[in-house]
Every structure is written in structure tokens, then in C-alpha cells.
2 protein chains.
Amino acid sequence: MRSSETIASATGYLLLKLANLASARMEEALLPFRLRGRDLRVLAFVEDGELSQRDLCERTGLDRTTMVAVIDELERNGYVRRERSPSDRRKQLITVTADGRTILSEALTAMRRTEDDFLAPLGEDDQRQLHRQLSLLYAAHDPRCHTDETPDPELLPSSGVGVAGTRHSEGPTRPTS
Amino acid sequence: MRSSETIASATGYLLLKLANLASARMEEALLPFRLRGRDLRVLAFVEDGELSQRDLCERTGLDRTTMVAVIDELERNGYVRRERSPSDRRKQLITVTADGRTILSEALTAMRRTEDDFLAPLGEDDQRQLHRQLSLLYAAHDPRCHTDETPDPELLPSSGVGVAGTRHSEGPTRPTS
DNA sequence: GCTGATCGTCAGCGTAGCTGATAATCAGCT
DNA sequence: AGCTGATTATCAGCTACGCTGACGATCAGC
């Protein structure tokens with residue numbers, strides 16, 4: 001087998017390619033709602049209750065500075081409101097507006113449809129299988145996961161690698177050896 | 001079910017998160033070789049024969065300008081050489097050097113190990129299943145795929161990485177976190 | 001020898017996320 | 001009360017990435 005074939009059929013490679021394809025579709029489907037993927041993610045957690053930006057960072061895995069931009073965007077569109085916490089005036093409590101709730105619901109429906117569409121080539125059984133395996137894998141790699149299928153409480157390596165975002169490059173990209 | 005749970009357990013979401021985690025690990029594993037994901041991907045195709053940069057673009061899905069940077073890097077490290085084609089002096093034929101071949105082999109091995117490690121939380125059967133499903137899905141979505149979507153279980157779980165390049169054929173390219 | 005297309009290259013733009021610094025605020029200690 | 005250190009949100013700046021658009025060199029067709 002040639003090296004190029006080795007690469008092209010690797011599970012990791014497939015994972016990346018599919019993730020890109022999927023995210024492109026998701027972003028596309030979210031355009032009408034004036035949302036981007038990360039916005040929707042945050043918005044979904046906002047609905048859980050009165051959370052500070054910090055809390056949202058922890059749950060979504062976004063950086064604190066990125067969160068500022070996301071909330072800015074959501075607020076500009078009128079989907080959420082910032083309110084200083086009475087008990088701790090450092091915190092901004094993020095609450096969803098009526099508009100936000102509506103949009104969230106519609107966007108989630110659109111997401112679901114897009115996802116079903118994307119997974120359609122697989123049979124129903126395979127879809128369930130795939131979801132189960134991804135859940136297991138994710139749970140094993142992310143200690144504080146929020147997936148419904150938490151398999152084993154024993155946390156695996158997790159290897160100190162950042163949870164979210166592609167943070168390649170530590171310092172100069174050339175590891176001078 | 002709360003919205004946040006809907007999101008967090010969505011197959012698409014898991015796909016994205018896992019792809020990020022995986023690519024971070026791959027990049028990390030490639031550091032000692034002075035390679036990045038995209039470099040390895042290109043290098044693997046270079047080995048297939050005498051290809052121009054344009055050819056490599058088509059096969060790897062990278063942009064032509066990005067390819068320049070990749071080849072620059074590979075050449076600086078002595079893994080490939082540029083040679084003007086005698087028959088068409090516009091083209092740069094990219095050939096792999098002895099060093100490049102060695103590094104490629106070692107890097108592929110490292111990739112395989114990293115991938116095995118990453119997939120370890122799943123049982124062997126699940127790993128095969130996962131690979132098969134991803135292959136099917138990818139084949140269904142990418143017309144000119146290079147994968148052998150024929151799920152031959154005995155044929156190595158494989159290896160590799162790729163900072164996936166998105167074809168310009170698809171919609172807005174915005175890899176969501 | 002023109003004309004138009006192709007290949008590689010470079011400069012510039014936009015985006016994403018991160019680091020580091022800052023002001024406001026809180027909690028603990030004396 | 002006052003001082004000290006931690007925490008929250010914010011902003012400016014940096015880095016990395018890939019893309020668009022322009023350019024010189026080269027080729028193919030006429």
C-alpha cells in the first residue's frame with residue numbers, strides 16, 4: 001500500500017475530513033439565523049440557567065476572550081442580555097431573551113435536520129452505533145464531558161491537551177533539534 | 001431534555017470535538033519530525049511519483065498558495081526537492097529525498113501509534129466498526145475520495161493525519177470550534 | 001511572433017483563537 | 001477599617017491559517 005493510501009484511509013484523517021464537511025454544512029444551515037456554530041453552542045448552554053461568562057467558558061470549552069466576542073454577537077442580535085450579578089458585581093449573568101429562545105429552538109431543529117441529512121447514507125443501526133462509539137471515545141478523552149452516555153467514571157489520560165480549539169504550535173513552530 | 005444536552009450529545013458536535021482532540025495529538029506527535037499535519041499529508045502523496053505542485057493540490061485538497069508554503073517547509077528541512085520539469089518549465093516537479101523517505105516512514109509509524117492510542121478506549125471491534133462507518137460516510141459525501149470504503153477488517157487500522165483542507169467546492173469554510 | 005491560458009510565487013486580507021495587561025470587584029487577613 | 005491577592009470581564013496585540021488577486025515566466029495554438 002502506498003503512503004498516500006495509508007494516509008487517506010486512516011481513521012483520524014476520516015474524522016477530520018468528515019468534521020470539516022459537517023461543520024461547513026452546519027454553518028451554512030445556521031446562516032439564516034444569524035448564528036455561527038459557536039454561537040449556537042453557547043446559546044444552548046445559556047438556556048440552562050443564569051450563568052456567568054466564565055461558567056459558559058467551562059461548559060463550552062471556549063476561551064474567555066472568545067466568549068466576549070460570542071456574547072457580543074448574540075447580544076447585538078438580541079438573543080441574550082448581559083446583567084451584572086447583584087451578589088457578585090464582577091460577573092455578567094447571561095440570560096436568554098424571548099427572541100433568543102425562539103431562534104434557539106428553530107436553529108436546533110435545523111441542526112437536527114442537517115445532521116440527519118448528513119448521516120442519512122448510513123443505516124439507522126449504523127447511525128446509532130456511530131453515535132455510541134463517538135460518545136464513548138469523547139467521554140474517554142474529555143474528563144468533564146456533558147454527553148448523556150457516560151460510560152466509565154475512570155478518566156483516561158486526557159493528556160493535558162487543550163479541550164477545545166486546535167492549539168497546535170507551542171512557541172516557534174520549528175522544534176529546533 | 002435541555003438544549004445544552006441536545007447540543008452536547010449531537011453526533012456532529014462529537015465529531016467536531018473529537019476531530020479537534022485528535023488533530024491536536026497528531027500535531028504533537030509530529031513535532032519531533034519537524035512536520036505538521038498538512039506537511040505529512042503532502043509528503044505522503046509526493047512519494048507516489050513525480051508530481052507538480054498543481055497535482056499535489058488536487059490530491060490533497062490544499063490551496064495552491066498554501067502548497068507553496070508547505071513545499072517551502074519540506075524543502076527547507078531537506079525532505080523534498082523542487083526541480084523544473086524539462087518538458088514544461090513552468091512546472092516544479094517535487095521529488096522526495098532519502099531523508100524525506102525516512103522521515104515519512106517514521107512519521108507514519110508515529111501516527112499509527114498515536115491513532116491506536118487515541119482509539120484505544122474503544123474495543124477492537126468498535127474500532128473497526130467506527131472506521132467502516134466513517135469510510136462509508138466519507139465516501140458518500142466526497143465524490144472523489146481515495147478511501148477504500150471496502151471495509152476489509154484485517155487490513156490494518158491504519159494511521160495518519162491531516163489538517164483537513166476543505167475543498168472550495170463546498171460552501172463557506174468555517175471550521176467551527 | 002501574437003494571444004490566451006497555465007504554473008508558481010508573493011503581497012495582502014479576514015478570521016480564529018490565544019497571551020498579556022487592565023479596571024472593577026470580591027474575599028481573607030490583620 | 002485597610003491591605004493583599006484572587007477573580008471576572010474586557011481590550012489590544014500577536015500568531016497561524018487559508019484565501020483572493022496580482023505578477024512574471026512559460027507553454028500551446030494560431
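In the text below, chain A, chain B and the rest are named by the order of the sequence lines, each starting its count at 1.
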What is the distance from [atom1] of [X] to [atom2] of [N], rounded to the nearest Å?
X	N	atom1	atom2	answer
Met67(B)	dC17(D)	CE	P	14 Å
Lys91(A)	dA6(D)	NZ	C1'	13 Å
Asp63(A)	dA16(C)	CG	C1'	11 Å
Leu56(B)	dC7(C)	CG	P	13 Å
Ile71(A)	dT8(D)	CD1	C1'	13 Å
Leu51(B)	dG8(C)	CG	C1'	16 Å
Asn20(A)	dC17(D)	CG	P	15 Å

Check ion pair [X]-[Y] (N to O, under 4.0 angstrom):
X	Y	result
Asp39(B)	Arg34(B)	no
Glu115(A)	Arg25(A)	no
Asp116(A)	Arg113(A)	no
Asp72(B)	Arg82(B)	yes
Asp55(A)	Lys91(A)	no

With a 3.5 Å limit on both atom pairs, tell me what dT30(C) is paired to, counting Watson-Crick and G-U wobble, or say none. dA1(D)

Which one, [options], comes nearest to the side chain of [X]?
X	options	answer
Arg36(B)	dA16(D), dT10(D), dG8(C)	dA16(D)
Gln92(A)	dA9(D), dC18(C), dG8(C)	dA9(D)
Arg38(B)	dG20(C), dC17(D), dA9(D)	dC17(D)
Gln53(B)	dT19(C), dC19(D), dG8(C)	dG8(C)

Please report the interatomic distance [atom1]([X]) to [atom2]([Y]), rounded to the nearest 0.5 Å.
X	Y	atom1	atom2	value
Leu93(A)	Ser85(A)	CG	OG	4.5 Å
Leu137(A)	Gln127(B)	CG	CD	8.5 Å
Glu58(A)	Leu51(A)	CD	CG	10.0 Å
Asp48(A)	Arg59(A)	CG	CZ	6.5 Å

Please state whether the phosphate of dG8(C), meaning OP1 or OP2, lies under 4.0 angstrom from any side-chain nitrogen or oxygen of Arg64(B). no

Has Thr66(B) got a side-chain N or O lying under 4.0 Å from the OP1 or OP2 atom of dC19(D)? yes

Of the residues in residues 72-83 of chain A, which ones touch DNA chain D at a heavy-atom distance under 4.0 Å? Arg82(A)

Counting primed atoms, P, OP1 and OP2 as sugar-phosphate and everything else as base, the B/S/- map of nucleotides 23-30 of chain D against protein heavy atoms under 4.0 Å is ---BS---

